[in-house]
Every structure is written in structure tokens, then in C-alpha cells.
There are 2 protein chains.
Amino acid sequence: MSLVLALGGNALGRGTAAEQLTTLRGTCAAIAPLVREGQVVVTHGNGPQVGNELLRQERAADEVPPLPLYLAVAQTQAEIGAMLETELAAASSRQVVCLLTHVHVDPDDAAFKNPSKPIGPFYSAEEAHNLERERSWQLVEDAGRGFRRVVPSPDPLEIVELDGIRALVSSGAVTIACGGGGIPVVSRDGRLKGVDAVIDKDRASALLARRLGAARLVILTEVPAVYRRFRKSSQEEIRELSPDEAEALLPELAEGSMRPKIEAALDFARTGGETLITSFDALGEALEGRAGTLISKT
Amino acid sequence: MSLVLALGGNALGRGTAAEQLTTLRGTCAAIAPLVREGQVVVTHGNGPQVGNELLRQERAADEVPPLPLYLAVAQTQAEIGAMLETELAAASSRQVVCLLTHVHVDPDDAAFKNPSKPIGPFYSAEEAHNLERERSWQLVEDAGRGFRRVVPSPDPLEIVELDGIRALVSSGAVTIACGGGGIPVVSRDGRLKGVDAVIDKDRASALLARRLGAARLVILTEVPAVYRRFRKSSQEEIRELSPDEAEALLPELAEGSMRPKIEAALDFARTGGETLITSFDALGEALEGRAGTLISKT
């Protein structure tokens, strides 16, 4: 059975590299039972890491040219990939590799007209004004904390390196791919061009799972399951969802948090795949059907 | 015929991402005839890029933790790999992929006792003193420009992701690997650990060529060929070198420049491979035997 396993931010840790490696060691111990055999692709987020990298770019901007966002996303694929690769290889006793992954987006995606994803450091009103003028960025005020750049979050359409991922998986390697949702690119003049956007990593993971014909997508996040009436007194943990039930639940889910996960699961369920959403603490029980939320057709 | 093609700094460019992409476009047009068919792995240096990244880490160090050098090397594999991948795919009409690559080094390599490779920004005497104390770095004074960190440059022993590179090459993809000489790692307590060192990219490329059983290694550098009495009035361009001739030439070659390239070529020649050293301007003529230097047994 082939599997795509999507790791959220809390599975990756933050802080120094040593702190991230410690978190990753725990994560890799928890996921090792899933990763020890079969065809496995691991994807991951990059929120704190890309934020740090963008801040580094800004602080050195007078001395070395800042890289565009899509290259900062690329950098985080390697930074996180290098740490995850060595920890997961040790925990699973398998070969683990990391393939740089670009993802096609549509230049006419509505997201480009409505950048909505906040990213990078906070700026003063004056800095924000200058950045809008000098770099054509869009910035929005974030309640009391200052101004922050917002970028589009377009839908992922195709995984550029899909054949490469297939070749690596077929060779027996656990393959890390689509880090941070992938490096967003558009086709123009016969070549791929990076664009300043970020792709939701769960949507990219569901696309990858569909294209690979994977049987299962596991999304590891901060909560052990999906809930009805989340954080209300009548909160209710959901064990199973059909596509129709999942669709009906969407309006009450938090945008940019659980909602894109359920949307990703829905896409995948409609092509016959099943998605398990859980935390890595609850993963063991979830694999036995006693925790987590399973979204599938049947 | 399978080929490893090693790109030097001038093939990659420097400056903004747009400037680097322009340089890469020219490079990829020049190498396209070599890359259009057959099994090809492309390696590359990362000098300016890792220098920029280390400077970014330092300038933001009060706000976000600097990454260790080995992760900065990883970042440059993705940064350069992303740009090179899209430009080379456009120039060659082939699938191009980039695999994150770690390279084993020996923790007892003599280089660890004698760090010699200067890297990253310049510091004042006071900053240098603090960095030596706080981070256990070694720094050396560089004639009039300040103090600079020096790191070990150990010999590459094995390519960790060799099987992955083989799988990608066999699948028909031009594969970018071993960027910046690879991420240096040692084995410790059953896992790979990154070490703060840099590996010479030509030595790593020759190791990769040997392990892949490649027929040919092409090293693209700043000069069209290897010379006897380089930059003297009696300078003489060398068209062919046997291993013995190459070995005899070593003492007069510049350390950290042409010498490691000839050493890499020597290693490869002794296992039956041939190495062509040339510039990308002279590549066309070199492929016809009218420029460049060929090091081989025959």
C-alpha cells in the first residue's frame, strides 16, 4: 500500500537546528511504524522556517540581494529535508531521500488577485509603505503587531518532478517531496518561472497522493482529530467522515487551519483515497481506529 | 555514455536571482549539446551563495537562530538547484531534477585538525574574538580585510544518496546532485550527523563519477584549459595529460583552484575515466578536441 504522509509545523519544531533535530527525532520515532515498509512519500510544512529565512534576507538586504520568496521556499525544502532525512533514516532503518519539488500553479488563479497568506517579519507603517513602492509587495496591518506581507496561495495543479518521485519510490527509498507545498511555478515562454506565492502543503500533498495513486494520505497536525463545534462545550470528536459529511462540515472549520485539510481530504476521497487526520501523539491509536478522523468514500 | 558535469562559480553567476538566472541561461545553452542525451549528472559549486547565506544568518542572529554551516550548504543546493533545474530543462528539453545530497567524510580526516577553507563574511578583531569564544569557531586574519572563519575541507568518502541518483538517472532525468560538494556528514550513534565543513566540489564530483561508473567527467571552470607555467610568458596550454604527467604537474598548480581539479581528474583517470577541464566558452571546441585539457589513461 502506498502512502503520503504530511507533517505539520509542530512535527518539525522550531528554534535552533539542535532543537528542531530533537523534535524531529520524536516525530520520526512516532511515524516509524508507518514508514518502515511500503511505498512512502513524506511531505511537510515550512511556516516558521520560511519566516526565519525571509527575515534573514531582509536583515542582510543592504549587503546581499534578498532572494525571491520562491527561492526561500526552495531553501526550506533543503534545510528541513536534510534534518528530516537523517532522522527518519535512523528511525526507520530505510533509505530516505529528498527531491526538490516544484508545483505548477495557474497564473490566472484568483488567488493572484487577492493575496491572503501573511508571511515573513512585521514592519512599521513607514517600512510597509516603502516596501509597497520599492518591491510592489502587498502588506496588511495585523492587529497591533504592525504590517506584514501577504502573498497569494494558489491551487496546486501538477507536481513538476512527479516522475522523479515515482522513480525514487520505486527504487525503495522513502522520499521527502513537496516541502512547504512545493516551489510555485508557472509556464512562460517555454520555461518554468518561479512565482512569489505559497501553496498549501495539505492541498499539494493530496494532489501528490492522487497523482501517485496512493491508497492513503495521513495528515499529522496539532489536534488528534477533527471536531464538530471545535472548542465549544458541545465539542464532539469525529471518527469517520464520508465526502458528503466532510463537505457539510467545511463552513464551520477554521480557514487556513482545518479547512484546507478537509478540502484536501475531500479531493482525495473523491478519487478513491482515504485520508487520516490526527496528531503524532495520537497516531498509534489512530492507526488502530481508536483516534483520529478518517475521511473516505466507504 | 554517462557523464558527470561539474559547474564552477562563473557558470552560476552571482548577484540577484535575476542576474544568476541570466548567467545560468547562457551556461545552459552552452552545455545543452552535452546534456541533450544519455545519462547525465550535473554538480555545481556554491561559493558566493553560501557566503551570502552565512552573512544573512549573522545579520539576523539576534532575532532568529543562525543555522549551522552544513544546513547553509543544504540551502544553497536548493537555491541553485531550483534555478539550474528550470533553465537546464528549458535549454535541453529534458526532465531535470535535483536531489539533496549528503557526502560522508571521516571524522578523523586530518582536515578537521587544520581548518583551511575561508568562508562567510569578514569580522573585526573584536567580533572574531567573541565568535571564537561563543561558537568555538576558528578565524584567521585575511590581509587587511579583517578576520574570516576557516572550516575544514575533508575528503569525500561516499555519496549517501548514490542509489537515489542512480534511480533518477535510470529513469531518464538529468540529475543535479552534490551541490557545493555535498552536505558533509559523519556516522555517529547509528545516524548521520551534519558537520561544519565544506567539501571540494570537484573531488565530490570525481567520487560520484567513479561510483556511477561514468565514462567522463567534465569540469567547467574559468580558464579554457590547464596550463604549464600559468600566467608566465612561457605559459603553455596542455591538450592531453596522462595520470603520470598530471601528477608531475601538481606542485606548480594553485592550491584550492586548479590543483584539486587535477587531483580529482587523477583519481578518476586511475579507475579508467577521462576528465575534460575547460571553460564554458571553449566547451564547443573542447568537445572537438581543439581546446581544453583531457586527462585520461590512454
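This is a predicted model, so every value here is computed, not measured. Here is the naming used below: chain letters follow the sequence lines, and residue numbers restart at 1 for every chain.
With His104(B) as the fixed residue, the side chain to side chain contact (heavy atoms under 4.5 Å, CB included) test singles out one of Ile159(B), Val160(B), Val186(B): Val160(B). For the side chain to side chain contact (heavy atoms under 4.5 Å, CB included) test with Glu85(A), the passing option among Ile183(B), Val185(B), Leu192(B), Leu100(B) is Leu100(B); the others fail.
Here Leu71(A) contributes atom CG and Leu21(B) contributes atom CG; the two are 7.5 Å apart, rounded to the nearest 0.5 Å. With values rounded to the nearest 0.5 angstrom, Met83(A) atom CE is found 10.5 Å from Thr22(A) atom OG1. The line from CZ of Arg25(B) to CG of Leu88(B) is 12.5 Å long, rounded to the nearest 0.5 Å.
Using a 4.5 Å cut-off between heavy atoms, Glu79(A) touches chain B through backbone and side chain atoms alike. Residue Glu19(A): no heavy atom, backbone or side chain, is found under 4.5 Å from chain B. In this structure, chain B has no heavy atom under 4.5 Å from any part of Ala173(A). No part of Glu58(A) comes within reach of chain B, as not one of its non-hydrogen atoms sits under 4.5 angstrom from that chain. Heavy atoms closer than 4.5 Å to chain B are found in both the backbone and the side chain of Gln57(A). With a 4.5 Å cut-off on non-hydrogen atoms, Ile176(B) does not touch chain A at all. Contact of Leu99(A) with chain B is made through backbone and side chain together, with heavy-atom distances under 4.5 Å.
Options Thr175(A), Asp189(A), Leu168(A), Val96(A) differ in how many heavy-atom pairs under 4.5 Å they form with chain B, and the most are formed by Leu168(A). Ranked by heavy-atom pairs under 4.5 Å with chain A, the first of Arg56(B), Gln20(B), Arg59(B) is Arg56(B). Ranked by heavy-atom pairs under 4.5 Å with chain B, the list Glu63(A), Gln95(A), Glu87(A) is led by Glu63(A). Across Ala167(A), Ser171(A), Cys98(A), Ala90(A), the residue that shares the most heavy-atom pairs under 4.5 angstrom with chain B is Cys98(A). When each of Leu67(A), Val73(A), Thr16(A), Val97(A) is scored by its heavy-atom pairs under 4.5 Å with chain B, the top score falls to Leu67(A). In terms of heavy-atom pairs under 4.5 Å with chain B, the best-connected choice from Ala17(A), Ala61(A), Ala82(A) is Ala82(A).
For the side chain to side chain donor-acceptor pair (under 3.5 Å) test, no residue two or more places apart in sequence or in another chain qualifies with Glu132(A).
Salt-bridge annotation for Arg149(A) and Asp196(A): present, with a side-chain N of the basic residue lying under 4.0 Å from a carboxylate O of the acidic one.
For Arg148(A) and Phe122(A), the positive end sits near the middle of the six-membered ring, less than 6.0 Å away and at most 45° from its axis.
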Steps toward side chain to side chain contact (heavy atoms under 4.5 Å, CB included) verdict (Val42(B), Leu7(B)): CA-CA 7 Å; Val42(B) 180; Leu7(B) 303 179; 3.8 Å; yes
